[in-house]
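These notes are about the structure you will find just below.
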Amino acid sequence: MSVTPVVRFAPSPTGLLHIGNARTALINWLVATRQHGTFLLRLDDTDQTRSRPEFAQAIVEDLAWLGIVPDRTIRQSDRLALYGAAAERLKAAGRLYPCYETQDELERRRKRQLARGLPPVYDRAALSLDEAARAALEAQGRKPHWRFRLDGETVTWDDLVRGPCHVDCASLSDPVLVREDGTYLYTLPSVVDDAQEGITHVVRGEDHVTNTAVQIQILKALGAPVPAFGHHNLLTNAAGEGLSKRMGHLSLKGLREAGLEPMAVAALAVLVGSAEAVRPVETLAELGGLLDLSHISRAPARFDEAELRALNARILHAMPYAQAQPRLAALDCDLGEAFWLAVRGNLDVLADAAAWAPVVTGPVAPVVDDAAFLKEAAALLPQEPFGPETWKGWTSAVKAATGRAGRALFMPLRLALTGRDHGPELAALLPLIGRDRALRRLAGESA
Ligand code: GLU
């Protein structure tokens, strides 16, 4: 890729972005940014009944959460004049022709073809209509939809992901580009925008492979340069089913609200089904260094929420205090670096840190099973200052004095000091709890 990339991410604002859309957005972003290129957000909002401004807004927010800030945003609904001009040029060149069949007629024709063992390809009947026949149909109140006349050639391209690709356009129906009501299907606006914006790399899901052959023909018919194309594999859910924007399934908003780290989502979205092992990364730039389009698998990649949660935990367990601090402060649980280092290894999501702050600051309702044992232990608790070795020294002394070991030694102490049967290392917590509070809790007092 020697040209400076100009890429676009082109969602339709008809639902919330899901993890599979994030994969496309991130791959484009990484392709652009690692070569100081340009990333456009293109809102494919020509479907006025399904497009919503609130989904457009959510797309911008979800991308920002992942760390993607587009260089520019364009909306297809602002650009209808461009598409109209392109349609006129194609008509003048004889590549866009009016058709009058109703859905029912087309369906009947398809069934007849299938019954005869023929491929259900549009038979181009409308191409042979003369002006009088068209006028007669229009006099019946019919309005035309418009099809692009494909060349019956095999279109080839060197796919950035899949390598050499070819599609025999003779086996495809001439695609409808303009509906009866004059609105555009996705294909023409997409091609016109890619040409107008000088897109150099079209990177998208492999559900668009066939579209690419058609789009290459339209680009050529419009005299526009053909960009490089790359089609990455799609993500499925853990059950192997496709993801859908309309289901809100595994939406980025949902993952964000579940408290997951954007870098965990980004790393998994990009690395799953690639040649690289899924692993924590600190920055998108680091992730960009791991992306190799030509090594993305051809098979669908399974997105497993359990894998995301595990990756999230790994990121938190290594997160430096400076990075966590503002978020701890926002959660009102910033008790300093020692606290963070004590609890981070126990977190699934960062917000869980808030649950451990009261264990330090109190009040904790101690759980006391054997008051006599705790009294003995309390008598052996060293004077302050407490340090990282205090716990070990103290429990060794308690062990020697009481003969207890293992769980019988540690669990009553944990239950009394924290009120819980699990949690961060007590060696790290004890200095934070301090001697006063520890003594009161060992005596069964809420402190
Ligand atoms: N709006 C299209 C989609 O969401 C864009 C496809 C493309 O990238 O060309 O699938």
Side-chain angles (χ1 to χ4, degrees), residues 5-32 38-52 55-56 58-60 62-63 68 70 72-80 82-83 86 148 155 157 159-162 165 167 175-177 183-219 222 224 226-235 242-252 269 293 296 300:
V6 181
V7 304
R8 83 303 193 277
F9 171 57
S12 50
T14 54
L16 293 171
L17 295 184
H18 56 59
I19 184 89
N21 304 127
R23 180 172 179 79
T24 310
L26 284 160
I27 292 175
N28 274 287
W29 175 256
L30 299 176
V31 164
T38 302
F39 175 102
L40 298 187
L41 171 61
R42 188 183 87 198
L43 295 166
D44 285 4
D45 60 352
T46 52
D47 183 341
Q48 287 164 1
T49 52
R50 288 177 41 224
S51 297
R52 300 264 157 74
F55 287 133
I59 287 169
V60 171
D62 288 341
L63 292 179
I68 296 178
R72 228 147 42 81
T73 299
I74 60 178
R75 284 183 180 71
Q76 290 196 321
S77 55
D78 291 340
R79 299 158 69 90
L80 299 176
L82 278 175
Y83 314 143
F148 178 73
V155 171
W157 72 94
D159 197 279
L160 299 166
V161 178
R162 299 159 66 91
C165 282
V167 172
V176 177
L177 300 190
T183 60
Y184 298 94
L185 285 102
Y186 146 78
T187 309
L188 183 65
S190 183
V191 168
V192 170
D193 286 332
D194 287 344
Q196 177 78 18
E197 298 302 325
I199 299 299
T200 58
H201 300 75
V202 173
V203 181
R204 55 190 176 187
E206 65 183 9
D207 47 336
H208 286 288
V209 167
T210 309
N211 290 340
T212 293
V214 169
Q215 292 179 2
I216 287 175
Q217 285 208 6
I218 300 176
L219 284 161
L222 290 170
V226 176
F229 285 92
H231 297 88
H232 62 75
N233 56 358
L234 299 180
L235 297 191
L243 308 178
S244 153
K245 244 202 242 135
R246 262 155 283 161
M247 299 186 314
H249 199 75
L250 294 176
S251 69
L252 295 183
L293 292 182
I296 295 177

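Just so you know, these numbers come straight off a predicted model, no measurement behind them. Throughout, numbering of the chain's residues begins at 1 and tracks the sequence. Counting starts at 1 for both ligands and their atoms, in listed order. The analysis underlying the following values was restricted to heavy atoms, covering all of them including side chains, and did not include hydrogens, waters or symmetry mates.
- For Arg72, the side-chain contact (heavy atoms from CB on, under 4.5 Å) criterion is met by Leu40, Ile74, Glu197, not counting sequence neighbours.
- In terms of the ring pair (Phe, Tyr, Trp, His ring centres under 6.0 Å) criterion, residue partners of Tyr184 (sequence neighbours excluded) are, by chain and number, Tyr83.
- A distance limit of 4.0 angstrom between heavy atoms and ligand 1 selects the residues Arg8, Ala10, Asp44, Tyr186, Ser190, Arg204, His208.
- By the 30° and 60° cut-offs, the orientation of the rings of Phe39 relative to Trp29 is perpendicular.
- For Phe148, the ring pair (Phe, Tyr, Trp, His ring centres under 6.0 Å) criterion is met by no residue, not counting sequence neighbours.
- Taken to the nearest 0.5 Å, the CZ atom of Arg162 stands 13.0 Å off from the CG atom of Leu293.
- Counting only N and O atoms by type, the side chains of Thr46 and Asp44 include no donor and acceptor under 3.5 Å apart.
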